[in-house]
> 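Just dropping this structure here.
Chain naming here is simple, since letters A, B, ... match the order of the sequence lines and numbering starts at 1 in each. Bear in mind that the values here come from a model prediction, so they are computed numbers and not experimental data.
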Amino acid sequence: MFNIIQKTIKTGIVTARYPDEAAKISENFRGRPAFDFEKWKDARPAAEVCPTGAISLRDKSDSRRVTVDYGLCVFCGLCADASSDQAVQITREFELATMDRHKLVLTAEYALNADGTHQQLREVQFQSGHTDTDVETLGRKARENIHKLLRRSLAIREVDAGSCNGCELEIVALNNPIHDIERFGIQFVASPRHADMLLVTGPVSRNMELALLKTYRAMADPKVVVAVGACGISGGIFGANYASLGGVDKVLPVDVYVPGCPPRPQALLHGILLAVGCLAQRLDSDTAVNQKA
Amino acid sequence: MTQPAFPLFEALRQKFGAQIQSLTADREDETYLTLNDPDIRPITNYLRGEFGARLVMVFAEDRRASEGVFFNYYVFDQKGSSRYLLVRTPIRPDDPSFPSLSAELPAVNWQEREIQDWFGLKAVEHPNPRRVALHDNWPDVHPLRKDFPLETVLPPFEGERHIYRPALGEGVFQVPVGPVHAGIIEPGHFNFAVAGEPILYLQLRMFYTHKGTEKLFEKLPIPKAVFLAESISGDSSFSHGTAFCQAIERAAQMEIPLRALVMRTILLELERLCNHVADIGAIATDVGFVIANAHASRLKEMLVMLNEQLTGSRLLRGMICVGGVRRGWNAVQRDTLCSTIDSFAREFQDLIGMIDSSESTRDRLEQTGVLKHEKARDLGIVGVAGRASGIDLDTRRDHPYAAYSRYSLRVPVYEAGDVWHRMQVRIEEVRDSISIIRKAVDESLKGEFCAPARAIPSDRCALGAVEGWRGEIIHWIRTGTDNHLERCKIKDPSLNNWPALVEAVQGNIIADFPVINKSFNLSYSGTDR
């Protein structure tokens with residue numbers, strides 16, 4: 001007993017202060033690949049090596065459309081390695097969660113050259129999902145919401161709908177003393193009946209389709225759904241096939257998408273806090289409706 | 001191709017000459033014996049009886065287009081030899097069946113049924129021929145046949161998923177659990193039959209996370225397929241990735257630079273450390289010793305942050321590639337590795353001291369969830385669970401790969417087979433991993449980290465074996481044209497080991513199930529694919 005107390009005192013407080021302070025991440029961490037569309041002269045090598053088709057090309061006779069989908073990205077970094085023109089750079093950005101699936105998709109229109117390269121960027125649809133990037137504010141707001149609207153507790157039910165278990169490892173890490181998600185009043189619960197939020201991983205295997213639906217239906221309203229990881233968003237490397245449906249939104253309405261393969265714990269936390277905002281809105285409007293009635 | 005000379009093969013030629021069509025070896029440690037007919041039983045009995053060989057795995061391949069038949073492959077491993085023997089038996093499409101070995105060799109029970117489900121080849125006289133890999137409500141399809149397209153959209157499923165054996169008798173009742181479990185874990189269904197608290201028997205329904213992985217391997221170009229291999233089982237990303245790349249490298253006869261082999265060794269051991277320390281903590285949690293888990297999960301976080309520093313990914317993803325590894329590391333990274341391992345080693349001692357000083361923890365874990373040696377042997381249990389029950393197997397020692405032959409290795413083996421000893425195996429392996437990493441570190445800085453790319457010849461078969469932290473991982477591939485694969489067979493150790501859980505829980509109280517399950521910590525995704 002004595003050695004346990006001694007060890008505890010010696011260890012001290014280890015909990016990280018994210019999002020109030022910047023996340024401590026390695027300088028080698030591979031986050032969002034950033035694309036300099038002006039500079040990019042040839043997207044073919046990157047599109048060719050991308051394991052999930054997150055970078056894709058559509059060529060017409062004189063034009064080319066390049067599409068980048070962060071919802072498919074597994075953050076392998078091959079696109080940056082393959083692009084000789086330095087137009088693709090791996091950044092350390094990880095706060096990519098968004099409420100709008102379309103915000104994860106960028107498109108650029110080019111004039112196509114005869115040699116297969118492209119030039120004259122005509123149009124970029126660059127809707128980075130960073131309208132809510134200020135994570136500090138997000139964190140503060142989420143805490144206020146949890147405090148006021150949710151009576152200091154938010155309950156999450158996690159469902160693995162066919163993941164490789166990578167996302168689960170990072171979700172479990174949210175409960176370790178470093179990330180300690182309970183400091184927000186957020187806890188993972190055993191029953192969907194107790195849950196406000198459904199956190200779903202995996203491409204939704206055919207064999208998990210029914211269980212996922214039943215879990216969702218067992219939850220009380222209002223509720224929010226968070227799709228986690230490349231698989232949860234789009235099917236990821238598995239895509240859609242005879243045994244996989246290719247993403248959570250094929251089965252359920254999804255409120256927040258959290259890119260990553262898997263998303264690191266801070267990225268998950270960012271997505272969960274974003275979803276708290278959705279839930280708070282829903283609660284607010286429910287209250288308004290009730291008051292009218 | 002050479003005609004391999006080896007006492008075992010001589011004996012086989014003499015005894016089964018008439019049944020043998022060919023005996024070939026592309027590589028010294030991997031021999032293919034092709035038979036004229038599907039009857040594998042006499043050779044299996046002979047190999048097991050006379051040579052003490054172990055049947056490692058069974059799988060099938062659809063070769064109707066090129067050779068007019070299906071083939072079953074039986075992979076044998078002989079104790080004390082680093083050679084694998086693969087026996088190929090032809091199965092004619094007009095008689096799609098093969099004799100089952102499961103009655104005598106329960107180890108292949110699920111694997112034979114998997115062949116039934118995925119290839120539509122019947123295992124004749126199988127003691128329990130029901131579906132395993134496809135649920136009962138699936139239509140009559142055989143997804144790994146070549147004429148079944150990967151993208152097939154199946155109609156909505158109807159009917160029962162699985163009919164469980166009823167639990168009968170006064171005071172006997174059933175406890176169904178899953179597929180969605182209480183904790184943050186993978187899905188599967190457990191059906192317990194209990195009489196009061198003790199468990200009479202447990203029925204498992206797996207394959208909830210089946211997502212067509214083996215079929216998908218046939219679609220992806222090899223460099224992309226590496227990422228699929230990393231996603232077979234998330235906690236073994238690097239081990240599965242390595243097994244896959246090793247198979248490709250063997251097929252292409254590539255020479256891998258020493259530095260790459262050493263770096264792979266270090267990363268494989270880091271993966272082992274992460275998972276073992278997490279499991280030790282989780283076992284402690286399941287008997288109420290939460291503070292030990294708080295420290296264990298803190299130590300795991302320390303290691304995953306090191307992973308990120310070394311590879312850019314907390315799960316070591318995007319590091320392995322065909323030919324070596326994708327990036328070298330510099331002196332700064334090396335120093336972080338050394339200092340993190342030093343502080344990890346110190347803190348790990350404290351953690352184990354904490355657990356050892358708790359009599360009540362030991363009391364809960366000893367003689368809980370016993371897997372007897374004979375059962376473990378019959379079921380073909382591998383890895384941590386096998387070693388805790390006296391099965392002395394470790395691919396690192398028995399079939400050396402990466403740079404393991406350069407370092408001395410201790411393989412802890414116990415007889416007791418309870419939760420406590422499965423934890424002891426992990427504790428000893430953690431200590432051994434630390435010493436391997438410390439020895440390997442100096443060789444990880446100089447030289448090439450990847451062999452030059454080379455074209456991968458078509459129609460070559462090769463096997464890649466890795467001792468993942470859980471146990472023996474095997475990938476078998478046949479290369480196709482244009483940098484693609486014809487077939488990729490994956491065997492995660494969990495596939496063998498799930499039935500061990502059924503044995504180990506019998507007679508235990510249902511409240512001890514979580515800790516027994518955790519002491520095996522098997523992969524659902526690795527099993528289901």
> Atom CZ of residue position Arg183(A) - does it have more than 12 heavy atoms of other residues, nucleotides or ligands inside 6.0 Å?
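Correct, the count exceeds 12.
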
> Side chain, backbone, both or neither: which part of Ile185(B) has a non-hydrogen atom closer than 4.5 Å to chain A?
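Backbone of Ile185(B) only, per the 4.5 Å heavy-atom cut-off to chain A.
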
> I'd like to check Lys214(A) versus Val180(B) (side-chain heavy atoms, cut-off strictly below 4.5 Å). Are they in contact?
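Counting from C-beta outward, Lys214(A) and Val180(B) never come under 4.5 Å.
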
> Could you report the tightest heavy-atom contact between Gly212(B) and Ala243(A), atom names first, then the distance?
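For Gly212(B) and Ala243(A), the tightest heavy-atom pair comes out as N-CB, 3.8 Å.
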
> Which one wins on heavy-atom pair count under 4.5 Å against chain B: Ser205(A), Pro51(A), Gly31(A)?
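Looking at each option in turn, the highest pair count goes to Pro51(A).
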
> Can you tell which part of Glu48(A) gets under 4.5 Å to a heavy atom of chain B, answering side chain, backbone, both or neither?
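Interface part for Glu48(A): backbone (N, CA, C, O).
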
> Rounded to the nearest 0.5 Å, what separates atom CG in Asn307(B) from atom CG in Asn28(A)?
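Between atom CG of Asn307(B) and atom CG of Asn28(A) there are 12.0 Å.
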
> Begin from the C-alpha positions of His179(A) and Glu301(B) and carry the test side chain to side chain contact (heavy atoms under 4.5 Å, CB included) through to its verdict.
CA-CA 10 Å; His179(A) 301 293; Glu301(B) 187 72 20; 2.8 Å; yes

> What part of Val189(A) is in contact with chain B, defined as an atom under 4.5 angstrom from a non-hydrogen atom: side chain, backbone, both or neither?
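Backbone of Val189(A) only, per the 4.5 Å heavy-atom cut-off to chain B.
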
> Using non-hydrogen atoms and a 4.5 Å limit, figure out which bit of Leu228(B) sits close to chain A: side chain, backbone, both or neither.
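Both parts, backbone and side chain.
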
> In terms of heavy-atom proximity below 4.5 Å to chain A, should Tyr524(B) be classed as side chain, backbone, both, or neither?
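Neither part, no heavy atoms under 4.5 Å.
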
> Side chains of Phe157(B) and Glu209(A), heavy atoms from C-beta outward: is any pair under 4.5 Å?
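SC-SC contact between Phe157(B) and Glu209(A) ruled out.
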
> What part of Arg92(A) is in contact with chain B, defined as an atom under 4.5 angstrom from a non-hydrogen atom: side chain, backbone, both or neither?
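When you check distances to chain B, no heavy atom of Arg92(A) falls under 4.5 Å.
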
> Go through Asp160(A), Val14(A), Leu212(A) and name the one with the most non-hydrogen pairs under 4.5 angstrom from chain B.
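Option with the greatest count: Asp160(A).
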
> Where does Leu216(B) contact chain A at under 4.5 Å (heavy atoms): side chain, backbone, both or neither?
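For Leu216(B), the contact with chain A is made by the side chain alone.
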
> Name the member of Ser525(B), Gly353(B), Gly312(B) that forms the most heavy-atom pairs with chain A at distances under 4.5 Å.
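Result: the option with the highest number of such pairs is Gly312(B).
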
> Is Glu170(A) in contact with chain B via its backbone, its side chain, both, or neither, using a 4.5 Å heavy-atom distance?
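Answer is side chain: those atoms of Glu170(A) sit under 4.5 Å from chain B.
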
> Less than 4.5 Å to any heavy atom of chain A: does that hold for the side chain of Ile291(B), its backbone, both, or neither?
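Ile291(B) touches chain A through side-chain heavy atoms alone.
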
> At a heavy-atom distance under 4.5 Å, which candidate from Val74(A), Thr201(A), Thr11(A), Leu245(A) has the highest pair count against chain B?
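Looking at each option in turn, the highest pair count goes to Thr11(A).
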
> Output the option from Glu308(B), Glu151(B), Lys215(B), Arg161(B) having the highest count of non-hydrogen pairs under 4.5 Å with chain A.
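Highest number of pairs under 4.5 Å: Glu308(B).
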
> Determine the interplanar angle of the Tyr242(A) and His210(B) rings, folded into 0 to 90°, and report it as parallel if under 30°, tilted if 30 to 60°, perpendicular if over 60°.
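It falls in the tilted class, 30° to 60°.
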
> Measure Phe238(A) against the heavy atoms of chain B and call it side chain, backbone, both or neither at under 4.5 Å.
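Backbone plus side chain of Phe238(A), per the 4.5 Å heavy-atom cut-off to chain B.
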
> Grab the two heavy atoms, one from Asn3(A) and one from Ser357(B), that are nearest each other, plus how far apart they are.
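The pair with the smallest heavy-atom distance is ND2-OG, 3.6 Å.
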
> How far apart are the closest heavy atoms of Pro265(A) and Arg314(B), and which atoms are they?
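Taking Pro265(A) first and Arg314(B) second, the nearest heavy atoms are CG-NH2, 3.3 Å.
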
> Measuring from atom CD of Gln6(A) to atom CG of Asp350(B), what distance do you get when rounded to the nearest 0.5 angstrom?
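Gln6(A) atom CD to Asp350(B) atom CG measures 9.0 Å (nearest 0.5 Å).
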
> Phe217(B) versus chain A, heavy atoms under 4.5 Å apart: side chain, backbone, both or neither?
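Contact with chain A involves no heavy atom of Phe217(B) at all.
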
> Supply the atom-to-atom distance Met305(B) CE to Lys24(A) NZ, rounded to the nearest 0.5 angstrom.
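Here the rounded value is 7.5 Å.
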
> How close do Met208(A) and Tyr208(B) get, counting heavy atoms only, and between which atoms?
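Answer, listing the atom of Met208(A) first, then Tyr208(B): CG-O, 3.5 Å.
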
> Ignoring hydrogens and angles, tell me if any N or O in the side chain of Lys211(B) forms a donor-acceptor pair with the backbone of Gly162(A) under 3.5 Å.
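Confirmed, Lys211(B) side chain pairs with Gly162(A) backbone.
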
> Just give me the residue among Asn165(A), Ile25(A), Leu169(A) that pairs up with chain B most often, heavy atom to heavy atom, under 4.5 Å.
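Looking at each of Asn165(A), Ile25(A), Leu169(A) in turn, Asn165(A) comes out on top.
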
> Are the side chains of Leu315(B) and Pro262(A) in contact, using a 4.5 Å heavy-atom criterion?
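With C-beta onward as the side chain, the pair touches.
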
> Specify the closest pair of heavy atoms between Lys224(B) and Ile237(A), including all atoms of both residues, with the distance to one decimal.
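Heavy atoms only, the tightest pair is O-CD1, 3.9 Å.
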
> Nearest 0.5 angstrom please: Arg298(B) CZ to Ile178(A) CD1, how far?
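The distance works out to 7.0 Å.
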
> I'd like to check Ile184(B) versus Leu174(A) (side-chain heavy atoms, cut-off strictly below 4.5 Å). Are they in contact?
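Ile184(B) does not reach Leu174(A) side chain to side chain.
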
> With a 4.5 angstrom heavy-atom cut-off, which part of Thr311(B) approaches chain A: side chain, backbone, both or neither?
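Interface part for Thr311(B): backbone (N, CA, C, O).
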
> Taking side chain as everything from C-beta outward and backbone as N, CA, C, O, which of these in Lys219(B) sits under 4.5 Å from a heavy atom of chain A? Side chain, backbone, both or neither.
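Neither the backbone nor the side chain of Lys219(B) comes within 4.5 Å of chain A.
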
> Checking heavy atoms, do the side chain of Gln333(B), its backbone, both or neither come under 4.5 Å from chain A?
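Contact with chain A involves the side chain of Gln333(B) alone.
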
> Taking side chain as everything from C-beta outward and backbone as N, CA, C, O, which of these in Asp235(B) sits under 4.5 Å from a heavy atom of chain A? Side chain, backbone, both or neither.
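Interface part for Asp235(B): both.
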
> If you count heavy-atom pairs under 4.5 Å between each of Ala240(A), Pro203(A), Ser163(A) and chain B, which one has the most?
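Highest number of pairs under 4.5 Å: Ser163(A).
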
> In terms of heavy-atom pairs under 4.5 Å with chain B, which of Gly235(A), Cys50(A), Ala173(A) leads?
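Heavy-atom pair counts peak at Cys50(A).
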
> Would you indicate whether the side-chain heavy atoms of Leu78(A) and Phe227(B) approach each other to under 4.5 Å?
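Heavy-atom side-chain distance check passes, below 4.5 Å.
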
> If you compare all heavy atoms of Arg326(B) against all heavy atoms of Cys76(A), which two are closest, and at what distance to 0.1 Å?
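Heavy atoms of Arg326(B) and Cys76(A) come nearest at NH2-O, 2.8 Å.
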
> Given a strict heavy-atom distance threshold of 4.5 Å, which part of His295(B) is in contact with chain A: side chain, backbone, both, or neither?
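The answer is the side chain of His295(B).
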
> CE/Met302(B) to CG/Asn176(A) distance, rounded to the nearest 0.5 angstrom?
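Here the rounded value is 12.0 Å.
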
> Specify which of Ser231(B), Gly318(B), Gly178(B) makes the most heavy-atom pairs with chain A at under 4.5 Å.
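Most heavy-atom pairs within the cutoff with chain A belong to Ser231(B).
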
> Less than 4.5 Å to any heavy atom of chain A: does that hold for the side chain of Arg529(B), its backbone, both, or neither?
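Neither the backbone nor the side chain of Arg529(B) comes within 4.5 Å of chain A.
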
> Just checking Arg17(A): does its CZ atom have more than 12 heavy atoms from other residues, nucleotides or ligands closer to it than 6.0 angstrom?
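It does not: Arg17(A) CZ has 12 such atoms or fewer within range.
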
